[in-house]
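All figures in this text were calculated on a predicted structure; none of them were measured in a lab. Counting begins at 1 with the first residue of the sequence.
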Amino acid sequence: MLQKTSHFLRQANFIDGAWVEADSGNTIDVINPATGSKIGTVPRSGTAETRRAIEAAETAFQSWKRTSADHRAKLLRKLHDAIMDNQDALAELLVMEQGKPLAEAKGEVGMSAAYVLWYAEEGRRVYGDVVPSPWADRRILVTKEPVGVIGAITPWNFPSSMLARKLGPALASGCTAVAKPASQTPYSGLAWGVLCEEAGFPKGVVNIVTGSASEIGDELCGNPLVRKITFTGSTEVGKLLIQKAAGTVKKVSMELGGNAPFLVFDDADLDRAVAGAVAAKYRNSGQTCVCTNRFFVQAGIYDKFVEKLAGAAKALKVGPGLEEGTQQGPLIDGKAVEKVEELIADATGKGGRLAAGGARHALGGTFFEPTVIAEATPQMRFMQEEIFGPVAPVFRFDKEEEGVGLANDTAFGLACYFYTGDLGRAFRVMEGLRYGLVGVNEGIITTVEAPFGGLKESGLGKEGGHQGIEDYLDTKYVCIGGLGL
Ligand code: NAP
């Protein structure tokens, strides 16, 4: 059924099928980053509310796990349809709290629905094995079962689709969930409660709690009823959660920070590389984990590339996400603007040249000019730090091995991109880059059909693809003896 945006704006938590306040009655303000004004509040819940949500999820798990994969798929298809029927309203809500352009928000909501549909189908293909037995009178079965209650913690930059990647496989496999959305963008998370309720999921199968990150996180990690923690966010918080989950030996999936390199070789199609560079840098104002953090361009085309990228950056229309034609919205908050300013000052102080932007945008607030910095060097901070803003540092390199070496010189290993017209080089470089996701002559590569996830300090596990459901399953070996054969 088609609903208005206000229908999804829930200023309450969803626990055991009911919309409730925090026990204390305390709340958190939610701010629209484009205007700086308050949209509303959400409960500041903590340990007790989270524990109740976990207990509700555990009770629901006892019957949910016994439902057939086909039954769960049917409900997930209803959920998919509810999301798509309300794509506009959900996208508007997302823009209000997150700031991205409406077209990007619609894309994200569509992606959320696509994950749900994908896992509706994947859940029906959770196959086990019948293994040839070494004993004549025994048989060996290997079965897959849902792990149980999962705790899901998500970030503000993709407040809808990051939850879809977790709830989709969890619900499809027969798990139940307690989710904690980011405090800056809780409404797109709470909207999943509305959608799941209306699609007909039983109470307690999905619970959504907002509030104190450390209290909710500690309870999710420490409570033995929770059997898996799935987290998307910074590497710093991810490491903390891994440590905390160790106390009860839970499964963990971690989608953490990135430091994506984007290499352009002399033999690349320059215009294609520039178009890919704009998409891979300025989407969501540079606030994505797969956004290019460092451009490495071979000396022969360096100047031309910088000139064209600077031209494209200057042409981007900056504005509120709901305004027609906006290509870049505001940054999430003042702290994000200050970080970007610091990184630019660090670079210009070390010889970097501003080829485009470099300052706060005339619109004020947290709007920032799309920026290009030429003559970047490895001594600059963004060689090792995630920028998370619309700044494109462009480094120069001569030899292929040098470019690949620079690209790999980071603790992260999420996404990388490179552009070349040479097939041999494409394979050499692809095999040389230590990243979980590789775009060859493409700047946007995420899709539900493919496994998304980082190497090194960018994370553990995969989301999407047929791989994305594995972490929600336990493998059980069954030996059936005494068959008298
Ligand atoms: P963040 O600060 O790590 O926060 C992410 C989530 O963790 C939020 O819900 C936050 O809650 C919660 N959190 C913070 N401290 C916690 C604690 N001590 N215990 C439990 N939960 C805690 O990250 P962010 O700034 O929102 O997101 C940006 C980061 O996410 C970037 O590093 C980006 O690369 C990464 N990211 C990775 C992927 C991927 O797939 N690899 C995708 C998107 C983003 P509060 O909001 O209440 O503080």
Side-chain angles (χ1 to χ4, degrees), residues 5 8 73 76-123 152 154-172 177 179 181-182 185 187-192 194-196 199 206 230-233 253 255 258 260 276 279-280 282-291 321 327 329 414-415 436-437 439 442-454 459 461-469 472:
T5 303
F8 294 104
L76 284 164
R77 281 201 292 273
K78 274 190 169 177
L79 179 61
H80 164 272
D81 293 348
I83 297 170
M84 288 314 288
D85 287 348
N86 294 289
Q87 188 177 15
D88 288 348
L90 292 166
E92 198 178 306
L93 185 68
L94 208 165
V95 176
M96 280 164 59
E97 61 180 354
Q98 203 279 335
K100 64 179 66 177
L102 185 61
E104 283 186 30
K106 275 191 193 171
E108 179 178 342
V109 171
M111 193 73 151
S112 296
Y115 277 111
V116 168
L117 191 59
W118 174 259
Y119 283 108
E121 297 306 323
E122 281 303 295
T154 49
W156 51 262
N157 61 346
F158 287 94
S160 176
S161 62
M162 294 302 107
L163 210 43
R165 290 178 178 190
K166 302 179 188 313
L167 290 181
L171 299 178
T185 57
Y187 294 127
S188 296
L190 289 164
W192 282 87
V194 183
L195 291 158
C196 287
V206 173
T230 170
F231 172 72
T232 300
S253 295
E255 294 287 352
Y282 298 108
R283 191 165 63 112
N284 200 8
S285 307
Q287 304 172 115
T288 86
C289 53
V290 292
C291 268
Q327 291 168 295
L414 187 57
L437 315 167
E442 287 296 341
I444 299 277
I445 61 172
T446 307
T447 179
V448 301
E449 292 83 359
F452 185 106
K462 301 290 174 195
E463 293 189 330
H466 69 83
Q467 295 86 347
I469 203 164
Y472 294 83

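Legend: salt bridge (Lys or Arg N to Asp or Glu O under 4.0 Å) pairs involving residues 94-118, not counting sequence neighbours, sorted by first then second residue: Asp88-Lys106, Lys100-Glu108. Here salt bridge (Lys or Arg N to Asp or Glu O under 4.0 Å) pairs that include residues 162-171, with residues two or more places apart or in two chains, are Arg165-Glu463, Lys166-Glu463.
Between Met96 atom CE and Ser188 atom OG the span is 9.5 Å, to the nearest 0.5 Å. Between the OH atom of Tyr119 and the NE2 atom of His466 there is a distance of 9.5 Å, given to the nearest 0.5 Å. Interatomic distance, CG of Leu93 versus OG1 of Thr5, reported as 6.5 Å (0.5 Å rounding). Atom-to-atom distance recorded for Ser112:OG and Leu94:CG is 8.0 Å, nearest 0.5 angstrom. Taking OH of Tyr115 as the start and CG of Leu167 as the end, the distance is 13.0 Å to the nearest 0.5 Å. Atoms CG and CD, from Asn86 and Glu92 in turn, are 12.0 Å apart once rounded to the nearest 0.5 Å.
Contact detail for Val95 and Ala105: the closest heavy-atom pair is CG2-CB, 3.6 Å. Minimum interatomic distance between Pro169 and Ala164 (heavy atoms only, all atoms of both residues): CD-O, 3.9 Å. Nearest heavy atom pair, residue Leu414 against residue Gly258, reads CB-CA, 4.1 Å. Residues Gly443 and Ala280 approach most closely at O-CB, 3.5 Å, considering heavy atoms. The minimum heavy-atom distance between Ile469 and Ala172, with the atom names listed, is CD1-CB, 4.2 Å. Scanning all heavy atoms of the two residues, the minimum distance from Lys78 to Ala199 falls at CD-O, 3.4 Å.
Between Phe452 and Val290, the closest side-chain pair of non-hydrogen atoms falls below 4.5 Å. The closest side-chain heavy-atom distance from Pro159 to Trp156 is not below 4.5 Å.
When atom types are taken as modelled, the side chain of Thr288 and the backbone of Cys291 share a donor-acceptor pair closer than 3.5 angstrom. In this structure, the side chain of Ser285 engages the main chain of Gly329 through a donor-acceptor pair within 3.5 Å. At distances below 3.5 Å, not a single donor-acceptor pair connects side-chain atoms of Trp192 with backbone N or O atoms of Leu163. For Asn157 (side chain) and Asn284 (main-chain N/O), no donor-acceptor pair under 3.5 Å exists by modelled atom type. No donor-acceptor pair under 3.5 Å is formed between the side chain of Lys462 and the backbone N or O of Pro451.
Among residues two or more places apart in sequence or in another chain, the salt bridge (Lys or Arg N to Asp or Glu O under 4.0 Å) test is passed with Glu121 by Arg77, Arg124.
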**Prompt:** Does the pair Leu117 and Leu76 meet the rule for a side-chain contact (heavy atoms from CB on, under 4.5 Å), with working shown?
**Reply:** CA-CA 7 Å; Leu117 191 59; Leu76 284 164; over 6 Å; no
**Request:** For side-chain contact (heavy atoms from CB on, under 4.5 Å), just list the numbers for Leu190 and Phe8, CA-CA rounded to whole Å, side-chain angles, deciding distance to a tenth of an Å, and then say yes or no.
**Result:** CA-CA 8 Å; Leu190 289 164; Phe8 294 104; over 6 Å; no
**Item:** Residues Glu255, Phe231; criterion side-chain contact (heavy atoms from CB on, under 4.5 Å); working and verdict
**Value:** CA-CA 6 Å; Glu255 294 287 352; Phe231 172 72; over 6 Å; no
**Intermediate values then yes/no, side-chain contact (heavy atoms from CB on, under 4.5 Å), Leu90 and Tyr187** = CA-CA 9 Å; Leu90 292 166; Tyr187 294 127; over 6 Å; no
